[in-house]
Amino acid sequence: MSNNIQAVRGMPDILPDEAEFWELFEDTVRAWLRGYGYRPIRMPIVEPTPLFTRAIGEVTDIVEKEMYSFVDSLNGEPLTLRPEGTAGCVRAAIQHNLTAQQPQRLYYLGQMFRHERPQKGRYRQFHQVGVEALGFAGPDIDAEMILMGARLWADLGLEGIELQLNTLGQPDERARHRADLIVYFEERKDLLDEDAKRRLYSNPLRILDSKNPAMQETIAGAPKLIDYLGEASLEHFSAVQRILKDAGLPFTINPRLVRGLDYYNLTVFEWVTDRLGAQGTVCAGGRYDGLIGQLGGKAQPACGFAMGVERLIALIRESGGEPAKRGTDVYVVHAGEAAARMAFRVAEGLRDGGIDTILHCGGGSFKSQMKKADGSGAAFAVIIGDDEAAAGEVSLKPLREAGDGQKRVPVDQLAETIMDALLDWQDENEREEA
RNA sequence: GCGGCAUUAGCUCAGUCGGUAGAGCACUGGAUUGUGAUUCCAGGUGUCACCGGUUCGAUCCCGGUAUGUCGCCCCA
C-alpha cells in the first residue's frame, strides 16, 4: 500500500461526495458574484517568480519560506506556483490594459500553493475565491466588498462570522510610524523576547501581535498608527465605517489587524470565526492602491479580498450543512440482446428529452440491476426485456413515490410520461413542505 | 519550520497485560425461471501505515520515516 505513489503532502484529493459539495458551493458563489456585477477571469497557476517577490514583499513569510519556486529546466526561467491570486490578476490587467477605459470588477476561483505545515483548514494546495475591483478609489467600493461578504454568509446559511476592520494608512504614514516603532522597541530591546527581536527590523508591526504576557506592557505603550494618519486617511476610514453602520453591519476595529502581504494600504478587513480552531480567518482583504503602479502599470487604486474555500466548506459542514443528495432521474435496466440494443436508443431518447439517465452497463442479473437502480437514487427504473423489446415498449417502474405503479409505456411516449410524472412529484413535494 | 497526539477491513471503531484480529455500517451473491428499497441466508489473508531494533515470537514494546490531527509560527 505504501509502495504506491501517494498524493503530495498537504495536497488532498477531493473525492466525489466532497466534490459535489464543492460544486454546490461554487454555484452559490457564482450567483452571488453575478449579483454584484463581477466578471470571471482565469490566470495561469504558474507565474514568473519576480511577480510575487515584487508584489507580496521580499521579507514576508510567504516569499521567504512558503513559495513553490523552481527553475524551468528547459529555458532557465524562474517560476513560482501562485501563493495568492491578486498579483497574477493585476499582472493580467496591466498586460491586457483592462482598466484603460473602465474600472473592472473581477473574480477568479482556483488553486493556490504555499509550503506550510498542513493541518485542518490549512493546506499546501488550497483554493481561494478572489474578488478584485481595479480602478476604484473607494471608500464606497471598500464598503461594498465588505457588505458582499455578509450577503454570502447569509446565502450559505453561515452564522457567527465576525468582521474585523482596520486601516493601514498610506505608505508614507506607515513608514513614519514604522520608523518610530523601531526606535521605540530599540530603546526597550531588553524587554523583547527572541521572536520580537527577530522581527524588529523585518516586520515590527507583527511585534504588536505578540501574545507573550511579559511584553504586553511594552506593546501597550508603543506608538499607534492611528496617530500618524493624515486627514484623508482618517476620512477614508470613517467613510467606510459610515456605510457599514448605515447598512447595519456590526464590526470590530482591530488596530492589530495587519495583512501578511506588503501591498495593502488604507482599509483592511478580515472575516473570522471561532469554530475552526487555529485557522479562524475565512476571508480577508483590503485596499492596494500602490500595487498596479508598482508592477509597472499606470498607477490606479484597487481593492480586493480572498476567501479560503476549504475553510468555508469546513465551516458549512460544522454548521450541519449537508447537500441534498440528488440522484439521477432514470435508471435503465435491460436483459437480453435485443433489449440491450434498444436500451441505448431509449436512454439517448430520454436525454434528448432532458431527463438524466443512467444506462446499466456491465451485465449482471436482473436483481442486481434493480439493486443498482435503487442505489442510484433514480426516481424511475425503465425496464426492458424481450417482451418490451418486441412490443416497442418499456416497463416504467416508480422507485420512490413518483407516479402510480408500474406500467407499460410506448417508447415514443416515454420521455413525456416521465417528465410529467417528475413535475407532478415535484409539485407534491413542494405542497407537502408548505 | 517547532512541540504534543494519532495511524487496525471501503467507512466508523473495538481488541490482543507480546503467541499474526473482531463488530456495526457498506459492499457482493442467493431465497423457483424478468423487479429494488424491508426480511432471511452466505461471503473478509486485512503485509493491524512503512522501515528497522528488542524477543523463541511484535499488530501490541523501542527507534526512525510517512501521513493525519492539535497547538505555535504564519495565513485563506
Side-chain angles (χ1 to χ4, degrees), chain A residues 1-12 15 17 56 60-66 82-86 109-131 149 161 194-196 198-199 202-203 206 209-212 257-261 269-273 276-285 304-315 327 331 333-336 339 360 364-389 394-401 405-406:
Chain A
M1 197 187 340
S2 68
N3 285 337
N4 294 335
I5 295 175
Q6 294 187 14
V8 174
R9 176 144 137 115
M11 304 197 184
L15 303 178
D17 282 347
I56 297 170
T60 57
D61 273 25
I62 292 176
V63 169
E64 279 183 339
K65 50 190 193 196
E66 295 177 1
R82 64 184 184 191
E84 58 106 40
T86 302
L109 191 160
Q111 289 94 325
M112 306 293 161
F113 301 85
R114 292 183 197 171
H115 191 106
E116 296 185 275
R117 174 133 179 188
Q119 52 183 267
K120 189 164 54 170
R122 185 171 62 186
Y123 305 96
R124 290 183 175 178
Q125 173 184 268
F126 60 102
H127 295 72
Q128 286 187 336
V129 176
V131 184
I161 303 183
E194 284 307 310
D195 224 30
R198 181 173 56 77
R199 288 163 166 158
S202 61
N203 202 352
R206 279 278 174 214
D209 272 343
S210 171
K211 284 159 194 151
N212 185 345
L257 183 61
V258 180
R259 313 283 25 262
L261 300 82
F269 61 92
E270 276 188 18
W271 290 96
V272 298
T273 174
L276 292 180
Q279 279 66 240
T281 303
V282 294
C283 176
F305 64 93
M307 306 182 265
V309 176
E310 284 83 355
R311 290 183 186 180
L312 279 169
I313 285 181
L315 194 55
Y331 195 102
V333 168
H334 55 88
H360 181 83
S365 68
F366 217 90
K367 187 184 190 66
S368 70
Q369 291 193 38
M370 285 305 294
K371 280 189 173 182
K372 292 221 165 70
D374 184 54
S376 75
F380 293 96
V382 162
I383 300 167
I384 309 172
D386 292 335
D387 293 2
E388 286 90 345
V394 304
S395 292
L396 180 62
K397 174 168 183 168
L399 296 175
R400 316 293 154 204
E401 287 102 41
Q406 179 167 336

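Order of the sequence lines fixes the chain letters, A, B, ..., with proteins taken first and strands second; residue numbering starts at 1 for each chain.
- Here, U35(B) and C50(B) have their P atoms 45 Å apart, quoted to the whole Å.
- Computed from coordinates, the Leu315(A) CG to A76(B) P distance equals 17 Å when rounded to whole Å.
- No side-chain donor-acceptor contact under 3.5 Å links Glu84(A) to the backbone of Met112(A).
- The nearest heavy atom of RNA chain B to Ser365(A) and to Leu261(A) marks one nucleotide each, and the one closer to the 5' end goes with Ser365(A).
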Q | side chain to side chain contact (heavy atoms under 4.5 Å, CB included) evaluation trace for Leu261(A) with Thr60(A) | A | CA-CA 7 Å; Leu261(A) 300 82; Thr60(A) 57; 5.6 Å; no
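- Comparing the C1' positions of G43(B) and C25(B) gives a spacing of 16 Å, expressed to the nearest Å.
- At whole-Å resolution of the value, CD in Glu64(A) and C1' in C73(B) are 13 Å apart.
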Got a list of protein N/O to nucleotides 33-37 of chain B N/O distances below 3.5 Å?
| from | atom 1 | to | atom 2 | distance (Å) |
| --- | --- | --- | --- | --- |
| G34(B) | O6 | Asp387(A) | N | 3.2 |
| G34(B) | O6 | Asp387(A) | OD1 | 3.3 |
| G34(B) | O6 | Asp387(A) | OD2 | 3.1 |
| G34(B) | O6 | Glu388(A) | OE1 | 3.1 |
| G34(B) | N1 | Glu388(A) | OE1 | 2.9 |
| G34(B) | N1 | Glu388(A) | OE2 | 3.1 |
| G34(B) | N2 | Glu388(A) | OE2 | 2.9 |
| U35(B) | O2' | Lys397(A) | NZ | 2.9 |
| U35(B) | O2 | Lys397(A) | NZ | 3.0 |
| U35(B) | O2 | Gln406(A) | OE1 | 3.3 |
| U35(B) | N3 | Gln406(A) | OE1 | 3.1 |
| U35(B) | N3 | Gln406(A) | NE2 | 3.0 |
| U35(B) | O4 | Gln406(A) | NE2 | 2.8 |
| G36(B) | OP1 | Lys367(A) | NZ | 3.4 |
| G36(B) | O2' | Asp374(A) | OD2 | 3.4 |
| G36(B) | N7 | Lys397(A) | NZ | 3.3 |
| G36(B) | N1 | Leu399(A) | O | 3.3 |
| G36(B) | N2 | Asp374(A) | OD1 | 2.9 |
| G36(B) | N2 | Leu399(A) | O | 2.5 |
| G36(B) | N3 | Asp374(A) | OD1 | 3.3 |
| A37(B) | O4' | Asp374(A) | OD2 | 2.7 |

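- Ser368(A) comes within 4.0 angstrom of the backbone, heavy atoms only, and of no base.
- Among residues two or more places apart in sequence or in another chain, the side chain to side chain contact (heavy atoms under 4.5 Å, CB included) test is passed with Ser368(A) by Ser365(A).
- Mapping Pro118(A) and Gly277(A) onto RNA chain B via the closest heavy atom, the residue that lands nearer the 5' end is Pro118(A).
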Q | For RNA chain B, the dot-bracket pattern of Watson-Crick and G-U pairs whose distances stay under 3.5 Å, | for other-strand partners | A | (((((((..((((.....[..)))).(((((.......))))).....(((((..]....))))))))))))....
(Q) Under the criterion side chain to side chain contact (heavy atoms under 4.5 Å, CB included), I'd like the reasoning laid out for Glu66(A) against Asp61(A): C-alpha separation, chi angles, the key distance, then a yes or no. (A) CA-CA 7 Å; Glu66(A) 295 177 1; Asp61(A) 273 25; 4.1 Å; yes
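- Distances shorter than 4.0 Å separate none of the side-chain N or O atoms of Arg9(A) from OP1 or OP2 on A66(B).
- Taking the C1' atom of each, G19(B) and U55(B) are spaced 12 Å apart, rounded to whole Å.
- Considering CZ of Phe305(A) and OG1 of Thr86(A), their distance stands at 10.5 Å, rounded to 0.5 Å.
- Between the C1' atoms of U67(B) and A23(B), the separation comes to 26 Å (whole Å).
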(Q) Determine whether Trp271(A) and Met307(A) satisfy the following criterion, side chain to side chain contact (heavy atoms under 4.5 Å, CB included), listing intermediate values before the conclusion. (A) CA-CA 9 Å; Trp271(A) 290 96; Met307(A) 306 182 265; over 6 Å; no
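- As a whole-Å value, the separation of Gln125(A) CD from U67(B) C1' is 17 Å.
- Applying the 4.0 Å criterion to OP1 and OP2 of C70(B), one finds that Lys120(A) has a side-chain N or O inside that range.
- A distance of about 7 Å separates the C1' atoms of G22(B) and G15(B), rounded to the whole Å.
- To the nearest 0.5 Å, the span separating CD on Gln111(A) from CD on Gln128(A) amounts to 11.0 Å.
- Between Leu276(A) atom CG and A76(B) atom C1' there is a gap of 11 Å when expressed in whole angstrom units.
- Contact annotation for Gly285(A): no contact, since no heavy-atom pair falls under 4.0 Å across all strands.
- When the side chain to side chain contact (heavy atoms under 4.5 Å, CB included) test is applied to Leu396(A), the partners found at least two apart in sequence or on another chain are Phe380(A), Val382(A), Val409(A), Leu414(A), Thr417(A), Ile418(A).
- Annotation: G52(B) and U47(B) have their C1' atoms spaced 16 Å apart (nearest Å).
- Residue-level contact check: Phe113(A) touches neither bases nor backbone, having no heavy atom under 4.0 Å from any strand.
- Rounded to an integer number of Å, the gap from Glu116(A) CD to U67(B) C1' is 18 Å.
- Checking side-chain atoms of His334(A) against main-chain N and O of His360(A) turns up a donor-acceptor pair under 3.5 Å.
- Listed by chain and number, the residues in a side chain to side chain contact (heavy atoms under 4.5 Å, CB included) with Gln279(A) are Gln119(A), Arg122(A), Arg311(A) (sequence neighbours excluded).
- Atom CD of Gln119(A) and atom C1' of C73(B) are 10 Å apart (whole Å).
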(Q) Go through it in stages, so that I can follow the logic: the residues are Lys372(A) and Val333(A), the test is side chain to side chain contact (heavy atoms under 4.5 Å, CB included), and I'd like the CA-CA distance, side-chain angles, deciding distance and then a yes or no. (A) CA-CA 9 Å; Lys372(A) 292 221 165 70; Val333(A) 168; over 6 Å; no
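- Looking only at distances, no side-chain donor or acceptor of Arg124(A) sits under 3.5 Å from a matching main-chain atom of Met11(A).
- Of the P atoms belonging to C13(B) and C70(B), the separation is 14 Å, rounded to the nearest Å.
- Between the CD atom of Gln111(A) and the P atom of A76(B) there is a distance of 17 Å, given to the nearest Å.
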Every protein N/O lying under 3.5 Å from an N/O of nucleotides 3-13 of chain B:
| from | atom 1 | to | atom 2 | distance (Å) |
| --- | --- | --- | --- | --- |
| G3(B) | O6 | Arg117(A) | NH2 | 3.3 |

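- Taking the C1' atoms as reference points, G1(B) lies 8 Å from C73(B), given to the whole Å.
- To the nearest 0.5 Å, the span separating CD on Glu116(A) from CD1 on Ile62(A) amounts to 7.5 Å.
- A76(B) atom C1' lies 12 Å from atom CZ of Phe269(A), rounded to whole Å.
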